[in-house]
Amino acid sequence: MTIFLGILLTLVIFTAIVFIHELGHFLAARMTGMKVEEFGIGLPPKAKILAQDKKGTTYTLNWLPI
């Protein structure tokens, strides 16, 4: 059970770190005026489209959320 929790915690922390890293790319692109077509959590293919904003960015949840 301890190994399972360790692996699960590692995946959760790794996902959070990658999300914050990619959010930095997203915000830098927005601040410099670039068009961002999609901001997705995880690796494609798309599992669900979460939202779409007025600037045309699609926010997605993908099948491998890492």
Side-chain angles (χ1 to χ4, degrees):
M1 187 64 138
T2 311
I3 293 173
F4 174 73
L5 289 176
I7 292 170
L8 184 64
L9 183 61
T10 301
L11 287 174
V12 168
I13 291 171
F14 182 70
T15 301
I17 290 170
V18 170
F19 175 77
I20 291 168
H21 175 84
E22 293 302 322
L23 184 62
H25 290 285
F26 173 76
L27 294 174
R30 279 286 176 93
M31 285 191 283
T32 59
M34 290 183 184
K35 181 178 185 223
V36 180
E37 294 179 0
E38 180 180 349
F39 182 78
I41 299 171
L43 299 173
K46 294 176 192 169
K48 182 172 176 84
I49 295 175
L50 301 174
Q52 189 165 6
D53 66 10
K54 294 177 183 178
K55 294 184 179 183
T57 302
T58 304
Y59 300 91
T60 61
L61 179 65
N62 298 325
W63 280 108
L64 295 173
I66 57 171

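- Scanning both residues, Ile49 and Thr60, for their nearest heavy atoms gives CG1-CG2, 4.1 Å.
- With sequence neighbours left out, the salt bridge (Lys or Arg N to Asp or Glu O under 4.0 Å) criterion links Glu22 to no other residue.
- Evaluation of the side chain to side chain donor-acceptor pair (under 3.5 Å) test over residues 40-52, restricted to residues two or more places apart or in two chains, returns none.
- Residues passing the side-chain contact (heavy atoms from CB on, under 4.5 Å) test with Ile7, sequence neighbours excluded: Ile3, Leu11.
- Note on Phe39 and Leu61: same hydrophobic cluster, where clusters join Ile, Leu, Val, Met, Phe, Trp and Tyr whose side-chain heavy atoms are under 4.5 Å apart, directly or indirectly.
- Side-chain atoms of Asn62 never come within 3.5 Å of backbone atoms of Leu64 as a donor-acceptor pair (strictly under, hydrogens ignored).
- Atom CD1 in Ile20 sits 11.0 Å away from atom OG1 in Thr15 (nearest 0.5 Å).
- Between Tyr59 and Asp53, the closest side-chain pair of non-hydrogen atoms falls below 4.5 Å.
- Between the CD1 atom of Ile41 and the CG atom of Leu50 there is a distance of 6.5 Å, given to the nearest 0.5 Å.
- By the side-chain contact (heavy atoms from CB on, under 4.5 Å) test, Val36 pairs with Phe26, Ala29, Arg30, Thr57, sequence neighbours left out.
- Members clustered with Leu9: Ile13, Ile17, by chain and number, using a 4.5 Å side-chain heavy-atom cutoff among hydrophobic residues.
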